[in-house]
K.L.:
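Quick one: the structure is below, questions incoming.
Here is how names work: the chains are called A, B, and so on, in the same order as the sequence lines, proteins then strands, and each is numbered from 1.
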Amino acid sequence: MPKVTIDNQTIEVPEGTTILNAARMMGGPSVPPAMCYYSSLKTSGGYCRTCIVKVTKGSEKDPRPMPKPVASCRTSVMDGMVVENITSPDLLEARAGVVEFLLINHPLDCPICDQAGECHLQDLGYENGKALTRYKFRRRTFEKIDIGPYIKLHMTRCILCYRCVKVAEQLCPGRVHGVINRGDVAEISTYITEAIDNEFSGNMIDVCPVGALTDRTFRFKSRVWFTKPMDAHRKCKTCAGKARIWLKGSEVLRVTVRKDEWGEVQRDSEGGPLWICNECRFHTKKASDWIIEGPSEISRHSVISANHYDLATLKLDVAKQRKKLEGKKVLLGEGPLNPNNV
Amino acid sequence: MKRLLFEHINVPGIQSLETYKAHGGYRALTKALSMKPEDIVEEVKKSGLRGRGGAGFPTGMKWSFIAKPPGVPRHLVCNADESEPGTFKDRYLMERIPHLLIEGMICSSFALGAHVSYIYIRGEMMYVYHILEAAIQEAYDAGYLGKNILNSGYDLDLYVHCGGGAYICGEETALIESLEGKRGNPRIKPPFPAVSGVWGRPTVVNNVETIAAVVPIVNDGGDAYAKVGIGKSTGTKLISACGHINKPGVYEIELGLPVEEFIYSDTYCGGIKNGKKLKAVVAGGSSVPVLPAHLILKTAAGEPRLMSYESLAEGGFQSGTMLGSGGFIVMDEDTSIVKNLWNFTRFYHHESCGQCSPCREGTGWMEKILHDFLDGHADLEDIDLLFDIQQKIDGKTICPLGDAAAWPVASAIRHFRSEFEEYVKNPSGIKDVKHYYRIHNMQPA
Ligand SMILES: Cc1cc2nc3c(=O)[nH]c(=O)nc-3n(C[C@H](O)[C@H](O)[C@H](O)COP(=O)(O)O)c2cc1C
Ligand code: SF4
Ligand code: SF4
Ligand code: FES
């Protein structure tokens, strides 16, 4: 079994393990953030570039360092490989760059976004980004569309991680969901609006790391942190019926898959992902429909967890930026930070 | 001057098989079929031929990497998607002497053991597609393609596939996706095409000119080919020269020709138009770093710069560039580097496939900032911001398009920073302040 050293900690992992998964086995702060990789979806990963790491030694056999940072989610470990993640300041700077790219055209409409509180982009921004933007142009926008009766697509929030495309490809036979156009005007589309009609299509909502795909039966009902997640199950002909229900009082506001600490769907004892069907997700909204197992453990770090962020550094940045903006005309509302708001 | 590909390019009617044959065409085919495939690969290795599509990877080595699992077909794909700004050599070759490419395809396919091969051609070049189709039909009729070619027992079918006209489909794995009928997104490597390419089968992708060069290699042997050129830059190279020169066009040069001679000799570019001074050159297609006159004519060490992979690259990106695809863009003293850079950046923004964040978002951002320079809205910090953005794209993407978008920006700032500053300090003095508004049919604010 190959041995790999990540941020000075060595671990032995099965042949073919990716650097990202090796880091996850190790746990701790050296696990690179992953926005597009999703272990239950084949061929996912490689797109967003947030998981990049520096390989300073290729392997025991070929110790040369890799010339460029690599996507840890798509690079297999070699025996003797040495990887730097949080121990490399350059790498962290490069990752901050990726975060900035993901954010320059993002609407930052968290206050009205259903995903806020469990959004991977929020976490990524806080943990790996900079406090302020350098982008001063109008942000890209798209019209909101309903893709089928259950799902709303806010393309403006999408980071093109392709996860939902993989769900369509791998869980929904006869898929009608993909990417059209290219570059920064590429968009997720069903081509014919409202065309998604498949028992498992709702899982797209759960894999979406941001608020681009939201549950139309839950939209604007509640902020997620005001709801209580419970693991529950029911007898279902289509799926395993093991889900997470989000309660407000005794009302089931929404149903999602059970997620693990990486924000990915949990697996059953045989390793099969516990996807749920649209029946369980959208049509089983009475608490009496479910047998409640108990409160869910939300082990993943999240915005919900308080005092997580280093406010001292955040403030420093703000002071610096304020100074830079002093005496300058600032376009209010679109683009750079309004110094009155920070 | 040695010409290996274009010796007969100006013969009237060379497009037809009959005339091509009368001028020594298809000799290489007969010879190749009498050789062992691995001996052809060996000759190509000996020739030192390097990929002419841009990266300059040794072709013989690429061929020997192709996986050969038993019972699995292999494919050769010719990359004729030529869309790099400044590069127009492949089109010229296919248009003028299509049988050279077809002969090269047959010899190379035989060497690789491929029985179905493809030419992936850029969608906009529809008329070249028809020329190739006609030439392929002639080759079928002559028994050079199809079953049992010239009674050798070797079968080969050759298809031309028309792309939709996307630059990114020139990247070999995007090309393969597109050929399979999918969206032209580059694949994440590994696996490399040599292991899993078209339909998941071992595949070699080569540029038009690379494949054409196999013909003289088979005819005269790898050693003879290696004698042409200089050092590890063997053979000849097609250079498409454009910009402010007296004689734009496609030239076949022996690698090692001094750049100065190429620009000023009447055999080639014939000097700068209207007697102006040379300001800068982009030597290998829009993706490679731009060099100011003093660095393109001589290296930083004062040696004369030669048209070869090594000499152009001397000095690294600090003071050198790359031979790239051979798109030689010459700019005279009146050219605005900033405007030229904006134009290139606009191109990469438009052509990014959008898979990876740095390229998808960064190219558009850089274009917008460059707009600001042209409009007189930029400030000095924007120069550093641009440099920082390109640095954050470079090397962090799936395919090299991201790098290709970053390098021109880096080099323009490195060598022409004062010009950017001029746009900031003296916007009304810049002739093209209203340029952006003009092309968008708007009034300046
Ligand atoms: C964005 C991009 C565009 C490319 N376009 C072309 C092209 O139009 N023609 C070409 O031959 N190679 C192109 N290439 C290079 C190919 O990926 C590949 O390296 C080449 O076809 C290999 O052939 P060679 O070894 O004969 O050079 C491009 C690469 C990139 C990254
Ligand atoms: S809609 Fe969501 S899941 Fe789909 S590509 Fe966009 S961000 Fe990813
Ligand atoms: S670098 Fe650009 S063109 Fe290449 S895969 Fe990434 S987004 Fe697509
Ligand atoms: S998680 Fe690895 S590139 Fe997105």
K.L.:
Report, in residue-number order, which members of residues 57-82 of chain A are under 4.5 Å from chain B by heavy-atom distance.
P.N.:
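Listed by number, the contacting residues are A/K68, A/P69, A/R74.
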
K.L.:
Could you tell me whether B/K182 atom NZ has more than 12 heavy atoms of other residues or ligands within 6.0 Å of it?
P.N.:
yes

K.L.:
Specify the closest pair of heavy atoms between B/E361 and A/D184, including all atoms of both residues, with the distance to one decimal.
P.N.:
OE1-CB, 4.5 Å

K.L.:
Side chain of A/R182, backbone of B/H350: donor and acceptor closer than 3.5 Å?
P.N.:
yes

K.L.:
Need one label for B/I168: side chain, backbone, both or neither, based on atoms under 4.5 Å from any heavy atom in chain A.
P.N.:
neither

K.L.:
Is there a donor-acceptor contact under 3.5 Å linking the side chains of B/N185 and A/Y162?
P.N.:
yes

K.L.:
Any side-chain heavy atom of A/K136 within less than 4.5 Å of one from B/L385?
P.N.:
no

K.L.:
For B/E351, is it the side chain, the backbone, both, or neither that has a heavy atom closer than 4.5 Å to a heavy atom of chain A?
P.N.:
both

K.L.:
By a 4.5 Å heavy-atom criterion (distance strictly below it), what part of A/V185 contacts chain B: side chain, backbone, both, or neither?
P.N.:
neither

K.L.:
Provide the closest heavy-atom pair for A/I180 versus B/R183 in the form atom of the first, atom of the second, distance.
P.N.:
C-NH1, 3.9 Å

K.L.:
Which atoms form the tightest heavy-atom contact between B/S357 and A/C48, and what is the distance?
P.N.:
OG-O, 2.7 Å

K.L.:
Find the one option among A/G46, A/C161, A/A186 whose heavy-atom pairs under 4.5 Å with chain B are most numerous.
P.N.:
A/G46

K.L.:
Please check: side-chain N/O of A/R49 versus main-chain N/O of B/C356, any donor-acceptor pairing under 3.5 Å?
P.N.:
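A pair under 3.5 Å: no.
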
K.L.:
With a 4.5 Å limit on heavy-atom distance, are the side chains of A/N105 and B/W365 in contact?
P.N.:
no

K.L.:
If you tally heavy-atom pairs under 4.5 Å against chain A, which of B/G364, B/C353, B/C359 wins?
P.N.:
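Option with the top pair count is B/C353.
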
K.L.:
So what's closer than 4.5 Å to chain A heavy atoms on B/D394: side chain, backbone, both or neither?
P.N.:
neither

K.L.:
Is any residue of residues 86-104 of chain A within less than 4.5 Å of chain B by heavy atoms, and which ones?
P.N.:
A/E93, A/A94, A/G97, A/V98, A/E100, A/F101, A/L102, A/I104

K.L.:
Checking heavy atoms, do the side chain of B/T363, its backbone, both or neither come under 4.5 Å from chain A?
P.N.:
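No part of it gets close to chain A.
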
K.L.:
Out of curiosity, A/L160 CG to B/R360 CZ, how far, rounded to the nearest 0.5 Å?
P.N.:
4.5 Å

K.L.:
For residues B/K368 and A/Y135, determine if any side-chain heavy atom of one lies less than 4.5 Å from a side-chain heavy atom of the other.
P.N.:
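With C-beta onward as the side chain, the pair touches.
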
